[in-house]
Protein chains: 2
Amino acid sequence: MDVARSELFETSTPVACASCQARHGVVCGALSSGQLRELNRHSLRRKIEAGCEIIAQGAESSFYSNIMRGVVKLCKVMQDGRQQIVGLQFAPDFVGRPFVRESTLSAEAATDAEICVFPRNLLDRMISETPELQRSLHDQALKELDAAREWMLTLGRRTAGEKVASLLYLIATHAEPQTATSTAFDLPLSRAEIADFLGMTIETVSRQMTKLRKRGVIHIENFRHIVVPDMDELQSMTSA
Amino acid sequence: MDVARSELFETSTPVACASCQARHGVVCGALSSGQLRELNRHSLRRKIEAGCEIIAQGAESSFYSNIMRGVVKLCKVMQDGRQQIVGLQFAPDFVGRPFVRESTLSAEAATDAEICVFPRNLLDRMISETPELQRSLHDQALKELDAAREWMLTLGRRTAGEKVASLLYLIATHAEPQTATSTAFDLPLSRAEIADFLGMTIETVSRQMTKLRKRGVIHIENFRHIVVPDMDELQSMTSA
DNA sequence: GGGATGCTTTGATCTAAATCAAACAGCGAT
DNA sequence: ATCGCTGTTTGATTTAGATCAAAGCATCCC
């Protein structure tokens, strides 16, 4: 293999990432092996328990991370305590707000999770040096923007029942395929968190879930484990 | 001035843009004068009447645009006709979804507007050749993402009165300073559009506006023209 | 086992906002 | 002027979802 081919191969193929191991995030895939080695020297793999905050709303953060495993929720809270989940992120998403130090939202592990943490300064430098990385992060931002706008439609115009069905469908669609069938999954969110994602109350969430159960659209194995016999039927409940 | 200084100057300073004239958008500011000339050869300045669609939801679009003047609303509609405005854009914002041909939302002029239209293929090429442009568009995407998430909080957790106050405050904040005082502005949206932005009905919008009027927070000169005597008071109505 | 404790479900009631219905105001066309 | 036509306000009524309240059910600890 000549040099040109070799370099092309190294920059365009995910290279084993010591910190991230087999999983490759938005960041790792866009770096050359040299950059990856440098990033790895300064990055840290961390296990995060469900409920732990990764970034606090209003705080200055000096690091970014990649999700290796688990689900992270992005949350905004008002002074009086009302709160709204504004995004759910799954492996291998990137967590952080490029170009702005102060976070306007909090990021918190919804489930036990593993993240790969690296310093902000270093990645910012790499972004400015690596168009492919910029592009990769740009892509993720646009993907999140599409998701946020889709959710705005849900928040503004769907009924309680449609909202719950939309959430279940979203999670079923994004769940890690740990279970053999794609029709069973663990809910990464409590009823209270679901309420905060859907802009409603715990009680209404619960009532709508039992309504879906009684209609046979879902089976509730236990609070956190859901079986969906027919995904198309669930999808059809997301709008009239 | 030597060559190096001259080039630096040309790439880092907005260059007069024939099509866009004095106003410079996200795109123009990031291009070299050579690229700008090429873009100008293929771009078109267009006047758009209020209500005209720029991009249709679900359609493939072969162009992007910059807003020169006016307000553009981004809208999603469901099969049964329910609809939600998911973004408002003001001059000199960029309109279009880089990297994806099919639009998941429609863009429509909310007021009479002028836009600068240029071919998708050409700009896509320039994006890949110009890290500064990529960065500029990345910035705009992140800004829109922040705005979308802020609005999710409004949609999910604010009351009708708070929603209306939030919208008025948003518009007052982004309005072009055509009027001498920053406390008077034209509403770019009809009551129906406001309702679609806030996820509620026309009647509720109207009632909440008269409530604000009766409390003296706003004066309604006519349907479209609003005066805000005390901006801080308006802001305080956006949350309890 | 028997409490505590922390979710979750279920029930009864209330209310903010939707819906239904009418009147009103601006405006261009005849 | 008068007649539509469209967008807005106001009023009466209904309802989806919130709130208030209690009971069910796991899990952990003694």
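All values reported here derive from a predicted model rather than from experimental measurement. Chain identifiers are assigned alphabetically (A, B, ...) following the order of the sequence lines, protein sequences preceding nucleic acid strands; residue numbering begins at 1 within each chain.
- Look at NZ on A:Lys163: it is 12 Å from C1' on D:dA18, rounded to the nearest Å.
- Between the CG atom of A:Leu155 and the C1' atom of D:dA16 there is a distance of 17 Å, rounded to whole Å.
- Taking the six-membered ring where tryptophan is involved, the planes of B:Phe118 and B:Tyr64 are tilted, since the angle between them lies from 30° to 60°.
- One atom, CG of B:Leu187, and another, P of D:dG7, lie 15 Å apart when rounded to the nearest Å.
- Residues of residues 197-215 of chain A that place a heavy atom closer than 4.0 Å to DNA chain C, in numerical order, are A:Glu203, A:Ser206, A:Arg207, A:Thr210, A:Arg213.
- Rounded to whole angstrom, the span from the CG atom of B:Asn222 across to the C1' atom of C:dA25 amounts to 11 Å.
- A salt bridge (charged side-chain N to carboxylate O under 4.0 Å, His left out) with A:Glu150 is found for exactly one of A:Arg158, A:Arg157, A:Lys143, namely A:Arg158.
- Other residues, nucleotides and ligands contribute only 12 or fewer heavy atoms inside 6.0 Å of the CZ atom of B:Arg215.
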Ring pair (Phe, Tyr, Trp, His ring centres under 6.0 Å) between B:His225 and B:Phe185, worked out: CA-CA 6 Å; B:His225 196 74; B:Phe185 58 90; 7.5 Å; no

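- One can place NE2 of B:His225 at 16 Å from P of C:dG26, the figure rounded to the nearest angstrom.
- Computed from coordinates, the A:Phe223 CZ to C:dT8 P distance equals 7 Å when rounded to whole Å.
- The local environment of CZ in A:Arg46 is sparse, with at most 12 non-hydrogen atoms from other residues, nucleotides or ligands closer than 6.0 Å.
- With rounding to whole Å, A:Asp196 atom CG is found 12 Å from D:dA18 atom P.
- B:Ile220 places its CD1 atom 13 Å from the P atom of C:dG26, with the value rounded to the nearest Å.
- Contact check on A:Arg191 versus A:Glu203 returns no salt bridge, with no Lys/Arg side-chain nitrogen under 4.0 Å from an Asp/Glu carboxylate oxygen.
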